[in-house]
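Down below is the structure, laid out as structure tokens.
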Amino acid sequence: MSQDWTIDDAEELYGVNRWGAGYFSIGANGNIQIAPNHRLPDVTIDMQEVVEEILAEGIQLPAVIRFHDILRSQVEILNETFAQTIAEAEYKARYVGVFPIKVNQMREVVEEIIDAGEPYDYGLEAGSKPELMAVLAYNENPNALTVLNGYKDEDYLTLALLGRQLRRKIIIVIEKFSELEMLIPLSKKLGVEPIIGLRSKMMVRSTGKWASSSGDRAKFGLSITEILNVIDLLKKEDMLHCAKLLHFHIGSQMSDIRKVKEAVAEGARLYAKLVQLGVPLEYLDIGGGLGIDYDGTSSTTDSSRNYSTEEYVADVVYGVKQVCDLEQVPHPNLVSESGRAITAHHSCVVTNIVGEIKNTGAKFDISPAEGEHILVSNMRELVNGHDMHPQERYNDAASFKQSAYEAFKLGILSLEEMAKLDTMYWQILSDIHDSLDRENFVFQELEELEDMLASQYLCNFSIFQSAADTWAIGQVLPVVPISRLNEKPEVRCSIVDITCDSDGKLGKYIEGTEISDNIPMHSLRKGEQYHVGLFLTGAYQDVMGDMHNLFGRLTEVHIYCHDDEPGDFYIEEIVHGTTAEKVLETMQYNTDFMAKTVKKFIDREVRKGNIAPREGVRWTDYYEKCLADTTYLKV
Ligand SMILES: *Cc1c(COP(=O)(O)O)cnc(C)c1O
């Protein structure tokens, strides 16, 4: 292996420890290692071994790999951090968090969270009717909360009251005054008393992509005036005793701890004032927003956070306690709705690089030809112009290339001459790039040059299915080769997907502590697969993707760690990805009809004698086989 490259260098470049939260690291063998159980830090799984086992099972990449132990660990860490801090602070109530299923509604994920959270009475949150139907069926623990947010109609409210009949602690959070006007007569008619929460529209503004979740123009929540109106109405209807929870949510991925402190101060004060007015609140729900350090910079950039989970929890517990003690009201039970923080780390996408797109890749014989155009000979002189000032050589090459293009349009240059010019142009650019001493030479076009010369690695996945936020909101997600990290990565590249969309690429990469337009990866070897992992996809990315270009859902592999198993893991379940057939059916195609029609066309050619009968049967079978197969590239 390269003498001048160590695992520390790889760590420095890809920042695995910085974003890995203790779960991910680079092993001495150059493979990504996972320590999925926070209680057993020595039990590690080699990612390359997982991939080899997946391939041995006949699974095609790309695949989503879920580490269920990470999910459980995150649930335990959040609940235990709250419990410890509450004990230390002598806070006089408990933490009863809920998982907002919109962050990852996959049944296996929700089941695992419920199971891991059972000892803590950890509950679920729903934000829509179908989500409510899921949480009604899955949150069985009578001591855990079910918090219902989002806009509601009569069915939504009726289903919530059904939950009350089933003795669940279902809390209907009022987002809009009209929801209460609907709820009161409904609950009287059905004779079921609701537990009511009030969502406050907060004055504090978060920063980052979700800043608009609070402030006057926020989509959700009640202003102070509306809250007082709600209380009046509840009093009038003799239902004030139903109001048990005060809720706020100032936005996802809160990157700055100061905003958390501000929100807690505002929310706790509002809680105290309402209690003093006689509202019998028992819960203060601080919403979601606990961030993830996606880019590993521990900063206030949109893809990072400048605090730890311990710090977040301490600010909440001590912040609420201080206000309540000053206002002389009881400490409320604390509820949080952390989604991203629970699920982001537990899943990743593993896929393969299926090719390289490189400007310097194709070569044409550039030897001089009889009577060639002067532009061609000029460019050839530049090829040999090693003594020239690099800036001048670069400018000349660019200007010859431009002239050549003009000349081609006028019919002056032949195709061969264009191919020669092109070959020479890229040769000159790589030459300049290689000759530059990056540290000591200031060359303003260097970055541009680097970009022009960067390869594009064609990656077998769809951004729109597997990493929607990288496209939609410029989210940074770590992308790292899962092996060969003990070798120096010498190819600067960007990652493009297999959709027919120029937007289908990753635009931002972690390079050390910087965000870069491209990233060093290893050179591809003939006959050898190169596997890369896209990490921290467990929150939102897993479930928000679409079927652009009809690329369907990925095959999922569920991994549990177990120290008696070889490699310390076993595959508990494989959920196969969407087949071409299924994807087509969601777009209203009748695939039986399609298969029959194609068969009819083939039979017609057989009858005409253009296709031999046996061959016809083979074509028919082949078409049907492809319908039942993956939508991704098979390599
Ligand atoms: C989206 C959402 C959450 C989850 O936020 P995270 O940033 O994922 O923790 C929690 N509560 C409400 C009301 C939400 O809309």
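Each ligand, and each atom within it, is numbered from 1 in the order the structure gives.
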(request) Kindly state whether the ring of Tyr14 and the ring of Trp19 have centres lying under 6.0 angstrom apart. (result) no
(request) Under 4.0 Å from a heavy atom of Gln253: give me the atoms of ligand 1 that qualify, with their elements. (result) 7 (O)
(request) Would you mind listing every ring-ring contact (aromatic ring centres under 6.0 Å, His included) that reaches into residues 127-180, with sequence neighbours excluded? (result) Tyr151-Phe220
(request) Take the angle between the ring planes of Phe24 and Phe67 and call it parallel below 30°, perpendicular above 60°, tilted in between. (result) perpendicular
(message) Could you report the tightest heavy-atom contact between Ser338 and Tyr122, atom names first, then the distance?
(response) O-OH, 3.9 Å
(request) Do me a favour and list the nearest non-hydrogen protein atom to atom 1 (C) of ligand 1 with residue, atom name and distance? (result) Lys102 NZ, 1.4 Å
(request) Could you tell me if any non-hydrogen atom of Gly127 lies under 4.0 Å from any atom of ligand 1? (result) no
(request) Please verify whether a non-hydrogen atom of Arg199 lies at under 4.0 Å from ligand 1. (result) yes
(request) Just need the protein heavy atom nearest to atom 7 (O) of ligand 1, so name the residue and atom and give the distance. (result) Ser252 OG, 2.5 Å
(message) Is Tyr540 close enough to touch ligand 1? Criterion: a residue heavy atom under 4.0 Å from a ligand atom.
(response) yes
(message) Tell me the contacting part of Pro100 for ligand 1: side chain, backbone, both, or neither, using a 4.0 Å heavy-atom threshold, strictly below.
(response) side chain
(request) Take every heavy atom of Ser338, measure it against each atom of ligand 1, and state whether any distance is under 4.0 Å. (result) yes
